[in-house]
Amino acid sequence: MDLIGIIEQGLIASLAAIGVFISFRVVDLPDLTPDGSYVLGGAASISLMYLGLPWILCLICGGIFAGLFGILTALIHNKLGVNSLLASILIMTMLYSINIRVMNGPNISVPKEVSAMEEARYTEKTKLDDLLGIKSNTQVSEIEVPTQSKKTLSPFIEKSGYNSTILISVIVIIALFITIIFLRTEFGIALRGYGGNKEGIKNLGINPELMSLVGLFLGNFYAGLAGSLFSMYGGFADVNMGQGVVVTSLAAVILGEIIFGRFQLFYNMLCPVIGAVVYQILLALAMRYGYTIGFQSSDMKLVTSLFIIIVIGLRRVEIKKWLNLKTSE
C-alpha cells in the first residue's frame, strides 16, 4: 500500500471537502452542485492545457469556471425562490451535458509528451498508475509527428521536475491560508454571520443575497480546484468522476470534526483537510483488507452514507439529552 500516494489523494480530496465545508457549515446552504462542478474543473483545466496555457493558470481557471456555476445556483435560489438543494440538483444535472461538451466526449486525457520527427513512442504513466500497480503502457504510433513536439503541461508525470507530494501540499496550504485570512476580514465575518443567522444579517445592512453568491462561489471554486488537480494528477477527466463528491466530502468534514473539531482552531478549517486524509486512508485499508469480511470496493459509498446517517443521528440524540438536562434544571 503506497501511503504517500494515499496521502496525496487525500490532500487533493481535502480541497473539495473545504468547498463542502464552506457551503454546509459556513454559509449553511446545502449544495449538490460540486458533484458537477468537480468534473467541470477537471474538464476545463485539461481542455485549456491543449491550448498551451501554463498548468497553474489552467488549474485556477478550472476552479473559477466551477465557481461560476455556484453563483448560478445561488441566483436561482435567490431570484426564483427555489430551495438551494433543488437549485443545485438542477445545475448539477445541467453540468453533466456541459461537461461532455467541454471535453467533446465523455472523457479527456492530459496532453502527453511526444518525441519529434520519429515514431511517436511515449509512456502514458500517471501517479494513479503507480498507486494501483498498473504497468506503464508504451505505445508506438505508425506515423511521424510534426517537427514541433507537443510537451506535456502536467506537473505530475515522470520527468516533470516537480515533487508531487510537496506540490499538492503547497497548493492545499495556500488555499487554507487564503481562506482563513478571508474569514478574518470584515466581509468574512459577515459571511459567517450569514450562515449563523440569515435574517439577522439584514439588520446590519448587509445584502444576504450577496453572501449566498460568495459562499456558493467559494464552495464550488474549491470543488473545481480539486477536480482540476485530480485530473492533472490522474492524467484524465471523466464525466462520472464527480459522482458522490458531496457525500464523501461531507463524510471527510464530519470525520475531521470528530477528530479535531473540539479545538475550534482557524474556524475549524483544518477539519476538512484532516478528515479527507483520514477518510482516504480508511478507504485504502478497506479496499485492501476488507475482502476478509466480504467487503467490496463498490460498498464504500453505502458505508459512507451509513456513517453520515449514524453520526447525524447520534448528534441529534446528544442535543436532545442536553436540552432535556437544561429543561430539568
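Below, all heavy atoms of this structure are taken into account, side chains as well, without hydrogens, waters or symmetry copies.
Applying the salt bridge (charged side-chain N to carboxylate O under 4.0 Å, His left out) test to Lys198 and every residue at least two apart in sequence or in another chain returns Asp28. Partners of Phe24 by ring-ring contact (aromatic ring centres under 6.0 Å, His included), not counting sequence neighbours: none found. Scored by the salt bridge (charged side-chain N to carboxylate O under 4.0 Å, His left out) test, Glu186 finds no partners at all (sequence neighbours excluded). Partners of Tyr194 according to the side-chain hydrogen bond (donor to acceptor under 3.5 Å, both in side chains) rule, which considers only residues two or more places apart in sequence or in another chain, do not exist here.
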Please list, one pair per line, the donor and acceptor atoms closer than 3.5 Å that link side chains of residues 168-178 to other protein atoms, with sequence neighbours excluded.
{"unit_1": "Ser169", "atom_1": "OG", "unit_2": "Thr165", "atom_2": "O", "d": "2.8"}

Can you list, pair by pair, the side-chain donor-acceptor contacts under 3.5 Å of residues 224-231, counting residues two or more places apart and other chains?
{"unit_1": "Ser228", "atom_1": "OG", "unit_2": "Gly41", "atom_2": "O", "d": "2.7"}
{"unit_1": "Ser228", "atom_1": "OG", "unit_2": "Gly224", "atom_2": "O", "d": "2.9"}
{"unit_1": "Ser231", "atom_1": "OG", "unit_2": "Gly227", "atom_2": "O", "d": "2.9"}
{"unit_1": "Ser231", "atom_1": "OG", "unit_2": "Phe236", "atom_2": "O", "d": "3.3"}

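Here CD1 of Ile274 is found 11.0 Å from CG of Leu255. Values are rounded to the nearest 0.5 Å. Glu8 CD to Gln280 CD: the interatomic distance, rounded to the nearest 0.5 Å, is 11.0 Å. To the nearest 0.5 angstrom, Met49 atom CE is 6.5 Å from Ile46 atom CD1. Here the CD1 atom belonging to Ile89 is positioned 5.5 Å from the CG atom belonging to Leu32, to the nearest 0.5 angstrom.
Side-chain contact between Cys58 and Met232 is present, with at least one heavy-atom pair separated by less than 4.5 Å. Contact of the Asp35 side chain with the Gln243 side chain is not registered, since no non-hydrogen atoms from C-beta on lie closer than 4.5 Å. Residues Pro208 and Ile201 are in side-chain contact: their nearest non-hydrogen atoms beyond the backbone lie under 4.5 Å apart. With a 4.5 Å cut-off on side-chain heavy atoms, Asn268 and Phe21 count as touching. A heavy-atom distance below 4.5 Å is found between the side chains of Ile7 and Leu3.
No side-chain N or O of Tyr233 forms a donor-acceptor pair with one of Ser154 less than 3.5 Å apart. No hydrogens or angles considered: nothing links the side chains of Asn107 and Asn240 as a donor-acceptor pair under 3.5 Å. For the residue pair Thr73/Ser88, the side-chain donor-acceptor check at 3.5 Å is not satisfied. Judged by distance alone, the side chains of Thr304 and Tyr279 do bring a donor and an acceptor atom under 3.5 Å apart. Side chain to side chain, Ser84 and Asp31 fail the donor-acceptor criterion of an N or O pair below 3.5 Å.
A tilted orientation is assigned to the rings of Phe182 and Phe187, their planes being inclined by 30° to 60°.
Remark: side-chain polar atoms of Asp299 are not paired, donor with acceptor, to backbone N or O of Leu302 under 3.5 angstrom. A donor-acceptor pair under 3.5 Å is absent between the side-chain atoms of Arg192 and the main chain of Val27, judged by distance alone. Between the Ser37 side chain and the Leu40 main chain, no donor and acceptor come within less than 3.5 Å of each other. The backbone N or O of Gly19 sits less than 3.5 Å from a side-chain atom of Ser23, completing a donor-acceptor pair. Formation of a donor-acceptor pair under 3.5 Å by the His77 side chain with backbone atoms of Val82 is found in this model.
In this structure, Trp55 has its ring center closer than 6.0 angstrom to the ring center of Tyr162.
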Apply side-chain contact (heavy atoms from CB on, under 4.5 Å) to Tyr267 and Thr179, showing your working. CA-CA 10 Å; Tyr267 314 108; Thr179 306; over 6 Å; no
